[in-house]
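Only one structure is covered here, and it is reproduced in the block below.
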There are 2 protein chains.
Amino acid sequence: MGSARREEILEAALEVFAARGFRGASIDAVAERAGLTRQGVLHYFPSKKRLLLAILELRERLSREHLAARPADGDWAADLAEAVAFEQRHPSFAQVHSVVLAEAVVGQEPAAQYVRERCRSLQDALCGYLTERHGERLPSGLSAPVAAAAVLALIEGVHQMWLVDPEAERYPSIVREAMSVLLGSGDKDAGLSPERR
Amino acid sequence: MGSARREEILEAALEVFAARGFRGASIDAVAERAGLTRQGVLHYFPSKKRLLLAILELRERLSREHLAARPADGDWAADLAEAVAFEQRHPSFAQVHSVVLAEAVVGQEPAAQYVRERCRSLQDALCGYLTERHGERLPSGLSAPVAAAAVLALIEGVHQMWLVDPEAERYPSIVREAMSVLLGSGDKDAGLSPERR
DNA sequence: GTCTATAATGCGATAGAC
DNA sequence: GTCTATCGCATTATAGAC
């Protein structure tokens, strides 16, 4: 199950899928990078789809672990900004996310359901958090559902913008500042952090 | 050049590329939809890449024409919201945009340069407009470059969110409201419209 | 202009030896 | 567990007839 070989293959696959997308990536390319043959890869992951799903799980696990390791100072806006910065320090994650999301748009890809559910649950979690904290309407004047959608859209958009045209230092602060405005003044004392990307 | 056949092929290709992405789409599928064979398509467009570029040009042309047809009431925020709504009424455009953008992320696709330049020029145009109108700092407290990037990211993110999880009526108003907050209070009297998507 | 025919490649997956 | 060999399929693109 957790053999070292498996991990090596997963890491190689992360790079390849990030660099070429799901359709563009070939098992051969993954195998070559991992130092074995296509059939060796297929021994661990019975199909290309299963390989992709394993990558998505890995990405989510590592991302969660990273955020869990931060001090829980409750600065929720800063946490989200850090999540964005984290992905920028690990471009493969960001690229896999972006490419998979786009292929989910197309609808018939293996990860379509995964992406859809994730989008829903993130909005729900954030909306619930905002409602609990501020009631129906935030200091900025936006309603909680609108603000939740706007914040997540902002993050997603910044994400892609960065991938297309990287200026590393710029984007995390854009997220932080814009989010602060979207939620409203004096949000820096926000409470517990909700589930996140 | 502007033969009717060519237009038919372009329209068919728009649908197919939108539905399956660049890599996922085959010339055969385009040909079938247009009512001829693969070779017939290749007669008009010498390669798959050229076909994609032609689609991007078509999309941009139609989008511009639509916006130009609106009354220039100067409500710039409403214009941008309308641009989003327009794409939602023409899902193929939105999907082609999304898919091509993702494949541009991968970097080696034919449209990579196109997307990169577009991202830059849109930010510059919007930033310039905001600066001219409000100076370095907007009523919301954001600087012009940050606000420009945030607004465009928001639009891009909403775009994709909608593609993944459509609730048609919701998103245009999210764009309008969030943008209004990002720019600052009383932005409804904005001046001329800059170039847009 | 549009077709048939074909070349040439690349891919995912399976079967079976070691 | 990893390999060789192979099947079967889909794809882009070209050559040339009509």
Side-chain angles (χ1 to χ4, degrees), chain A residues 1-56 58 96 99-100 102-104 106-112 114, chain B residues 1-56 96 99-100 102-104 106-112:
Chain A
M1 245 314 180
S3 87
R5 209 69 170 124
R6 220 184 114 99
E7 291 293 321
E8 282 173 33
I9 293 173
L10 264 182
E11 236 172 275
L14 177 63
E15 299 294 327
V16 173
F17 277 68
R20 316 191 30 183
F22 177 69
R23 290 189 138 109
S26 70
I27 306 185
D28 269 331
V30 174
E32 186 185 7
R33 188 173 252 268
L36 37 56
T37 61
R38 175 170 62 246
Q39 295 80 0
V41 171
L42 285 172
H43 170 74
Y44 291 92
F45 304 91
S47 77
K48 202 183 172 187
K49 291 186 184 183
R50 298 295 293 267
L51 179 55
L52 173 61
L53 292 178
I55 290 173
L56 293 179
L58 172 68
V96 162
V99 165
V100 164
E103 285 175 343
V106 163
Q108 63 211 358
E109 292 310 315
Y114 169 89
Chain B
M1 245 310 180
S3 86
R5 210 68 169 122
R6 219 184 115 98
E7 291 293 321
E8 282 174 32
I9 293 172
L10 265 182
E11 237 172 275
L14 176 63
E15 298 293 327
V16 173
F17 277 67
R20 315 191 31 183
F22 178 69
R23 291 190 138 108
S26 70
I27 306 185
D28 268 332
V30 174
E32 187 184 8
R33 188 172 252 269
L36 37 56
T37 61
R38 173 171 62 247
Q39 295 80 0
V41 171
L42 286 172
H43 171 73
Y44 291 92
F45 304 91
S47 76
K48 202 182 171 188
K49 291 185 184 183
R50 298 295 293 266
L51 180 54
L52 173 62
L53 292 178
I55 290 173
L56 293 180
V96 162
V99 164
V100 164
E103 285 174 343
V106 164
Q108 64 212 359
E109 291 311 315

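Numbers restart at 1 for each chain; the letters A, B, ... are given by sequence-line order, proteins then strands. For clarity, every value in this text was computed on a predicted model and none was experimentally measured. Atoms considered below: every heavy atom in the structure, side chains included; atoms not considered: hydrogens, waters and symmetry mates.
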To the nearest angstrom, how far is [X] atom [atom1] from [N] atom [atom2]?
X       : N      : atom1 : atom2 : answer
B:Ile9  : C:dC3  : CD1   : P     : 10 Å
A:Phe45 : C:dA13 : CZ    : P     : 14 Å
A:Glu32 : C:dC11 : CD    : C1'   : 15 Å
A:Leu42 : D:dG1  : CG    : P     : 15 Å
A:Leu52 : C:dG12 : CG    : C1'   : 15 Å
A:Arg20 : C:dG10 : CZ    : P     : 11 Å
B:Leu51 : D:dT12 : CG    : P     : 10 Å
A:Lys48 : D:dA10 : NZ    : P     : 15 Å

[X] side chain, from C-beta outward: closest of [options]:
X       : options               : result
A:Leu36 : D:dT2, D:dA13, D:dT11 : D:dT2
B:Asp28 : D:dA13, D:dG1, D:dT12 : D:dT12
B:Gln39 : D:dT14, D:dT12, C:dT2 : D:dT14
A:Thr37 : C:dC11, D:dA13, D:dT4 : D:dT4

Neighbour count above 12 (heavy atom, 6.0 Å) for B:Glu15 CD:
yes
How many angstroms lie between atom OH of A:Tyr44 and atom CG of A:Leu10, to the nearest 0.5 angstrom?
11.5 Å
Using 0.5 Å steps for rounding, measure from the CD1 atom of A:Ile9 to the CG atom of A:Leu14.
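One gets 13.5 Å once the value is rounded to the nearest 0.5 Å.
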Would you check if B:Leu42 and B:Leu51 make a side-chain contact, meaning some heavy-atom pair closer than 4.5 Å?
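Side chain of B:Leu42 against side chain of B:Leu51, heavy atoms only: no contact under 4.5 Å found.
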For DNA chain C, whose closest nucleotide is more 5', that of B:Arg38 or that of B:Arg5?
B:Arg5
Closest approach of A:Phe22 and A:Val99, non-hydrogen atoms and distance?
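In terms of heavy atoms, the two residues are closest at N-CG1, 3.8 Å.
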Counting only side-chain N and O atoms of B:Ser26, is one of them less than 4.0 Å from OP1 or OP2 of D:dT11?
yes
Contact class for B:Ala25 vs. all strands (heavy atom < 4.0 Å): base, sugar-phosphate, or nothing?
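It contacts sugar-phosphate atoms only.
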Touch class at under 4.0 angstrom, heavy-atom based, for A:Ile27 against every strand present:
sugar-phosphate
